[in-house]
Peer 1: 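Sharing a structure below in structure tokens format, with a few things to ask.
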Amino acid sequence: MQGIVGVFRELDATVDAVHALKKLRAGNIDIYTPAPRHELEGILTHRPSIVRLYTLIGGLAGATFGYWIPIWISDYWPLVVGGKPVPSWVPYTIISFELMVLIGSLATVAGLFITARVPRITMTVGYDERFSNANFGVWVECPPEKQAGVTETMKRHGATEVRGER
Amino acid sequence: MSENSTPSGVRRREFLKVLGAGGVATAAIGCSSDRVEKLIPYLNHPDETVPMVSNYYASTCRECSAGCGVLLETRDGRTFKLEGNPDHPLNRGALCARGQAAVQGLYNPDRYRSPMVRNRSGQLVAATWDQALKLMEQKLGEVQKGGRAGSTLFLNRHESGSFPAFLDEWLAANGMPAHLSVDPLADNAVIAANRQSYGVSWPWLAFSAARLIVSIGADFLDTWGANVPQQLEFADARARLADAPRFVYVGPRRSLTGCNADQWIACRPGSELAIANALLGKGSVNDAATASDVPVATLQALKTELTGARPALVLSGVAGSDAMELALAVNELNRQLGAVGTTVQPDRAITSFDGIATDADVIAAVEAMRAGQVPLLMIRGVNPVFTSPKAAAVVDALKKVPFKVSFSSYPDETSELCDLILPDHHAIESWGDAQPMANVIAVQQPGMAPVYDTRQTADVLITLAKANAGIAAKFAAPNYMRWLIDRYPGGTSAFTLALEKGVGTGAVAASTAPRRATAIPKTAAPIAQTAGDLFLVVYPSCSLGDGSGANKPWLQEFPDPVTKICWQSWVEINQQTAVKLGVDTGDILRVETAQGAVEAPAYVFMGIQKDTVAMAFGLGHTAYGRYAAGVGVNPGDVLPVGFDAKSGSFAWTATRAKVTKTGAYTPIVTTEGSARQHGRGIAQALTVRELADLAAGRVTEHAEAMPGMPNTEYLPGLRSPMAADAQGVVSSNIKHKEQGMYSPDHWSGMAKRRWAMTVDLARCTGCQACVTACYAENNIPTVAAPYQESHTAFLHGVAGGNILKGREMNWIRLERYWEGGEDGGDFEARFVPMLCQHCGNAPCEPVCPVYATYHSPDGLNVQVYNRCVGTRYCSNNCPYKVRYFNWFGYGEPARPQYAWPERLSWQLNPDVTVRGKGVMEKCSFCVQRIREAEHRAKAEGRELRPDEFTTSCAQACPSRAITFGDAADNDWTVAKLALDKRGYHVFQEQLNTFPAVVYLKKVNHPAPAAPAGV
Amino acid sequence: MATVTRPDEEVLRLGPNIPEANIQLPGVEKYEQVTREIQRTLYPTKLWFAGLSVAIICMLIGLGAWMWQVYMGLGVAGYSPPVMWGVYIVTFVFWVGIGHAGTLISAILYLFRAGFRTTIYRAAEAMTVFAIMTAGLFPILHLGRPWKFFWLIPYPNWRLIWPQFKSPLVWDVFAILTYLTVSSTFLYIGLLPDFAALRDAEPRPLRKHIYGVLSLGWRNSELEWRHFARAYLFLAAFSTPLVLSVHSTVSFDFAMADTPGWHATLFAPYFVAGAIFSGIGMVFTIIIPIRRWFHLKHYVTLNHLDAAAKLCLFTSLVVGTAYLTEFFIGWIGGNSMEQSYWWNRVFGQWWWAAWVMLTCNCVLPLTLFVQRLRRNTTWLFTLSIFINLGMWFERFVIFDPSLSHEFEPWQWTRYAPTYVDWAILLGSFGWFTMWFMLFIKNFPVVAISEVKEIVPPPLRTPHPVEGIEVTGMRLAFEPETPGERD
Amino acid sequence: MTKRRKRAVVPGLAALAVVAVVLSAYTGATQQPDTVIKDRGSWGYSAASSPQGRSPVQPIAFPHPTHVQTLGMNCLYCHFSANKSPDPGMPAVGTCMGCHLVIGPNRPAMNGRPARKSEGIATLQKYWAQKKPVPWVRIHHVPDYVNFAHMPHINAGVTCQTCHGQVQQMNRVYQYASLNMGWCINCHVGNVNPKWKARYDCSVCHY
């Protein structure tokens, strides 16, 4: 996997560069930014994140389990306490709710990890420490013959540094 | 363990301690022990015992002179519980708290393990029986050679039966005078008066025949006379409800007996005779009124009421300087009121008190010692150093005796001064008999082999006699048991027969030895003439008796039925007087007389006459073991040595005292929270009139109805709501309840049972025998002994610290609520036994996170100790507050709070788990007894018989107030009682808990003139 | 997410414009500055070591007391039946309550887009996690047999027996465990980008490595940010009902009982309000020293504190209303047991505790109506101490007077904690402080990446007044709120 | 790529752990040992927290087969109270000596086996001579908070072998059943024999 990474100091410069690169159709583009910005939102893609699916499924599973286990246990060994019905759904709603939240949120995290490809052990190519501090970055994955064009475009839009990675 | 086998079977009680197999269950809950246990079989199997199955040996209780019949529940060689003997004419199956506690005397950790001899350096050191007996023989020989045998002394704890005769025979054979039979609790004046009036020492008192009972200081429910039979009779009388006798109590202090009275007339001490004479017509009412500080109208009303009521029953039990005169006056009064033969029955006399030496005799003997006339003193079972007033200087007198032999089982104040201790068996280890009534012999047999290396005194005497060639022939019997059998009317066969039931017919050999005639050493000055600003009344504690109960933790932790104070001495003082002195409850008072002073915290009490202070006798031991020593003070220290001139009985109330506030303070160790029920209807009562309305179907709105609460109709009986609940009909979701064992047609049939209890407050006298019975049956630990508090700084290592924190463990407790009396006038005491109500809708159950408490299909609210993790939520949610928590490792020998130091642990009931620390416990309706009965029925292939068994509290109750059984089955008594019109549930209207305990309202008998609704 | 901003003179003359709740940080101009200044706080100091060791000593004292209690039995604590729950449960509820403010600030205010949360939420969220960790200890150490606590957790066992799910205590187990898991996850997810930032900015190799591991290879790529925003939103959405439910569940421990003074439907909202109130108090106690010692005044500005103080005032009023409602219901309910209990609680045996509670929770916070006091850090700190005290007493007043004055007059009693209770209470503070101390010197106490969202990004072209045309999208200006002038 | 596969292992392991716990937990309730684990000394540790299979060395190597199978003695002859008491009863030394006064340690050759000297009988007679009981090592044990009664079980027709195994074939007795609560319940609900159904709420045994 090889390509070009460009380091930008200014936000608007980055935005311009990305638009230009998209026109160039050099290859997959990825943007690095110290903080999420509206300006960069949806430049690359407009598909909404699918994390919410994990959340939904996890929450439903939790709620179901939360009802099932106490009811199963009550019927498994029926003992009367306080003259109340052996399985009574009202108190079990609380268990159900708590498990919905628990499993739902854990599923969300799992969703984030899976969709966002974390955790990853190795810093893959095309990353620069400055991206987490103050600078914006653009990574274009492209074959060697296109690298010249990409580099030129980035420089033109004010990249402070452009380097090829392989 | 005697080797010879005899027809009456000593050998069958020969045992080896069985570890594991039916051993004592003293495991910490929840952790299984890792040690390899051994299974130790018998060497030779005793014929009619079965392991883990109890044998019941009929015997006689020796805790007081009355001599009730007991059954010794014995299993695997351990006697662990005393129950009343139903065949015994005195107690008819009931047993008082002191009787219950006898096992704690048997296994008392402070008992003498072996004979003790005083060595050169003056220490008492352990010795073998051979050494001890040799010494004894030698001393006897010296005395006889010296020709001084005639002036030796033998003080013996009074007991009826053959032993006095045997003893006198032995003494006579040794050329010694007859023994003194001592009972500090005996009312010598009344006995003497009865002998004079009726020719018997204690006529049968038939309360139920009376229409009016007047007691002038006679505490027949506490310690006066044979209290168990008296209580049975009294309760039967009160159970006649509408036509029950009204009960008026006259006296300076409202004792437990007084608390059971419908009316209390507070008189000055010493004025009782005047009142009696006024009633008798010998004296004027006005004089009596002035003397006693009682309104003339009250006395007049009493007099008219008394003359109107035939037959009435008048009793007197005042230990004053004119006691016998008073007793005679009362007997005369009874004669005039036609009581003799109806309510006072000399022909059914109780003979237990025959032959008691007067207190004067004892003091005379002490004086003889002081004069140095006594070469040899033998003491068995009495403790004159403690029971006589300090002023009698018994200690100095004893020092004058060259050689003193004690047969005491415990190290007490007296035995510690003796030179030789030949420890006696406990009554449960001994043979003997008693003569409770004419033509009734009650046998006494051992329940088990001796716990320690002790010997029965009678056997020791026989051994000594055999050693003396001169008299050996007279005592040919190998041992005392044989001696008894030889003299038993009917011989061996009759004796063996009597052993079965515990009672036989006939009369035992009475002592023929001439009683020594003694002059009264010193007559007490009339109390009114003594110095001091307040009258001092000293009364024997109804739990500790003459102090002999003080080494039994059950009796120490047993709250005084009236004041609810335990592990502590206190001074009762009237609130008006308290205000005058600026005294509040807990302020330490100094009670000072010519003889000395004691200091104890004040207990402000409206049940005491306003010129009087009162103290209980029985505490303040300086020796007598870890439970007694140093607990409380002994009011005997301030009493003068004075007697009633006629009877020679000691005048307990003979002095006035100077009462001052020391400024120090100590909290009162009481189990009482608030003494008022704040209209919450816990202990409810009816007047006779309201009862009539109720019977006539006119429902009365009783005063205890909760203000602001829907006053729902009382639910009749238990079957409809309760058993139905166990079957799952009451609860909302029937479908689920019909599964499993809760379905009404479940094969186990369990859901058809509903264990329930009724408590008749009209019968209950608040004596608390049930409390001790529960301690005995359910292995309940005592929590407040001094040594149990020594390791927790904030409890200060003083007795009662844990009680102050409210940590007592009484599964059943007696709540005593005052009604009225805020204005300083007369008031009412209501007793209500509070125990787990085994609610059908128990609030404690749904909050337990681990099913440690749940509702069993037969209607029990079960507590599973080994499942409990100790969140204590159940107790928070229990409206009755009847759940108790193991704050310390009371059941763990390794902990400083261990409640059963060797060998008290032998008293533990093998059927009941000993709870470890950190678990909740509570009344189980004696589930172990239920299961045992069910197993027995199953083994015999039958259903449970109605009233086949009962709980420990119900069994012991001397008032027969508690009834237990299956409320879902009409054949059980409880099912009928539960439907009684007087019945009510506590808090049912407010909390809808459907308790399984039904209380039957108390019935009050207001004075004829008084308005309804006391 | 923020957008391009620039100063505007007119707004400066107005007073602080809190209601917009979009508080800017004038003292922070550049991204580099953020990373630098936050990373600067991660160097341990002598003072910090001193504080940490004090905390550890306190914790050890508590630990010793607990071991003594386990050996001897619960009797060494001051329980006097029927007061079966004492200092431990009081402290348990106290700490659970503390936790709630953290989640409120980090989750609920996030959903409400309340800007003033940005700089304080990290500290608050950490406080939540550690408070729950502390609270979680108490249900265990107040057990009679703590070594059996796992019986409250459903697990297959050879006894074939399970917990009793109708018991509020089992609900508690689920609520507390869920709360601990979710809030710590939320904290960690929020920390991910900051770990990445520190990983890249940290000079010290060991820490650099550790942050590297913790950052799970976070790369700040647009792909990650997109999912991150989603996940963060949903976690916040889950935490919000959780905050309300957990303390409601805790309140059920009491509301489900029949004890007078406990048995009230009011309890759930009442407890939640109280919890948030106490939590805000604790936030002040924590954040005010931190902003001072870590020189973060231009991050946590007076405006932030002002806004938080208003929240504090509001919750205080809610709590006060709840108290009055309780009294009123107790009176109008007409149940004499209830009435006698209330009288005993407010004017009888327990008057002192009740009045400590009322003073600290209802009277003193009224001062926050004055803006000058809201913006006076000294006063806020003092007040926060009073609030902590008052809220501890609130729980005490709710629990122990009720138990000591119940249905059965014969069992009315007193209650006095012993040295063991106090030692364990002290230990709990030691335990909490220890964790928090360790946190603030090893993790960024102010959220780096979230702060970067509200500082102006570096731009190449100066902006015309009406806005700019960079990306084809039109960016509106926003008025800046003036910050602290120091 | 490889890295991500490694990650996938973790949840798998977790799942396996859970399954293992569940299995190990339930085995205790149901498993019947087919092999005798030889003397494990002090007992109380096993996967199912039960000393199942423990077979300690006894002071006298008492041969149940000889007495029950060869001589056809009934269990109740020695364990005399099993049908009338919660406790089965251990034979008193006197009971043994009833026969072994006559049957001494020197055993003649019989049914194929050579003449020999029986250690066990010798030891027994030694104990008897010293008037000492035989210190048998306890094998079957339930904690003290379990009130187990033999009587109702025998009377319900539960055979000794149901819980104690084929003792008549054991030359050295071992703990046959786990004696776990789950094991008790399993029978009380009627899984073992519908005729033996019994109450299964806590207060049947725990009080």
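Please read these numbers as outputs of a predicted model, since none were measured by experiment. Chain letters run A, B, ... following the sequence lines, proteins first and then strands; every chain starts at 1.
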Peer 1: Any idea which of B/C868, B/A852, B/P843 has the most non-hydrogen atom pairs under 4.5 angstrom with chain C?
Peer 2: B/C868
Peer 1: What part of C/F254 is in contact with chain B, defined as an atom under 4.5 angstrom from a non-hydrogen atom: side chain, backbone, both or neither?
Peer 2: backbone
Peer 1: At a heavy-atom separation under 4.5 Å, does C/S340 approach chain B through its side chain, its backbone, both, or neither?
Peer 2: side chain
Peer 1: Heavy-atom pairs under 4.5 Å with chain B: which of C/P81, C/P139, C/S80 has the most?
Peer 2: C/P81
Peer 1: If you count heavy-atom pairs within less than 4.5 Å of chain B, which of C/I89, C/L169, C/D172, C/V170 leads?
Peer 2: C/L169
Peer 1: Check this for me: does any side-chain nitrogen of one of B/E808 and B/R813 sit under 4.0 Å from a carboxylate oxygen of the other?
Peer 2: no
Peer 1: Which class fits the ring pair C/F396 and C/W352: parallel under 30°, tilted 30 to 60°, perpendicular over 60°?
Peer 2: tilted
Peer 1: I need the single residue from C/Y341, C/W262, C/W412 that forms a ring pair (Phe, Tyr, Trp, His ring centres under 6.0 Å) with C/H405. Which is it?
Peer 2: C/W412
Peer 1: C/Y71 versus chain B, heavy atoms under 4.5 Å apart: side chain, backbone, both or neither?
Peer 2: both
Peer 1: Measure from NZ or CZ of B/R915 to the centre of the six-membered ring of B/Y865, then state whether that distance is under 6.0 Å and the direction lies within 45° of the axis.
Peer 2: yes
Peer 1: Say whether, by atom type as modelled, one donor and one acceptor occur between the side chain of B/R872 and the main chain of C/M84 under 3.5 angstrom.
Peer 2: yes
Peer 1: Identify which of B/S674, B/G870, B/P879 forms the greatest number of heavy-atom pairs closer than 4.5 Å to chain C.
Peer 2: B/S674
Peer 1: May I ask you to name which of B/G889, B/S875, B/C848 has the most heavy-atom pairs under 4.5 Å with chain C?
Peer 2: B/C848
Peer 1: Report which part of C/W171 has an atom under 4.5 Å of a heavy atom belonging to chain B: side chain, backbone, both, or neither.
Peer 2: neither
Peer 1: Answer with side chain, backbone, both or neither: which region of C/D253 has an atom nearer than 4.5 Å to a non-hydrogen atom of chain B?
Peer 2: both
Peer 1: Does the side-chain contact (heavy atoms from CB on, under 4.5 Å) test come out yes or no for C/Q69 and C/Y88, once each step is laid out?
Peer 2: CA-CA 12 Å; C/Q69 172 178 299; C/Y88 302 152; 2.4 Å; yes
Peer 1: Is the distance between the ring centroids of C/W343 and C/F347 less than 6.0 Å?
Peer 2: yes
Peer 1: With a 4.5 Å cut-off on heavy-atom pairs, point out which of C/Q164, C/R159, C/H142, C/Q411 contacts chain B the most.
Peer 2: C/Q164
Peer 1: Under a 4.5 Å cutoff for heavy-atom pairs, which residue among C/R414, C/M72, C/M256, C/H263 has the most contacts with chain B?
Peer 2: C/M72
Peer 1: Side chain from CB out, backbone as N, CA, C, O: work out which of these in B/E845 comes under 4.5 Å of a heavy atom of chain C, or both, or neither.
Peer 2: backbone
Peer 1: Looking just at side-chain N and O atoms, do B/Y898 and B/E892 make a donor-acceptor pair shorter than 3.5 Å?
Peer 2: no
Peer 1: Report the option among B/G806, B/G918, B/G673, B/P849 that has the most heavy-atom pairs separated by less than 4.5 Å from atoms of chain C.
Peer 2: B/P849
Peer 1: Counting the benzene-type ring for Trp, do C/F138 and C/W95 have ring centres under 6.0 Å apart?
Peer 2: no
Peer 1: Check each atom of C/F399 against the heavy atoms of chain B and say whether the ones under 4.5 Å are side chain, backbone, both or neither.
Peer 2: neither
Peer 1: Which atoms of B/L814 are under 4.5 Å from chain C, going by heavy atoms: the side chain, the backbone, both sets, or neither?
Peer 2: backbone
Peer 1: Could you pull out the closest heavy-atom pair between B/R680 and C/F407, with the gap in Å?
Peer 2: NH1-O, 2.7 Å
Peer 1: List the steps, then state whether side-chain contact (heavy atoms from CB on, under 4.5 Å) holds for B/W811 with B/L835.
Peer 2: CA-CA 6 Å; B/W811 285 6; B/L835 66 160; over 6 Å; no
Peer 1: Should the pair C/E408-B/K881 be classified as a salt bridge under the 4.0 Å nitrogen-to-oxygen rule?
Peer 2: no
Peer 1: Under 4.5 Å heavy-atom distance to chain C, tell me which part of B/Y873 shows up: side chain, backbone, both or neither.
Peer 2: both
Peer 1: Where on C/Y79 is there a heavy atom nearer than 4.5 Å to chain B: the side chain, the backbone, both, or neither?
Peer 2: both
Peer 1: Under 4.5 Å heavy-atom distance to chain C, tell me which part of B/A894 shows up: side chain, backbone, both or neither.
Peer 2: backbone
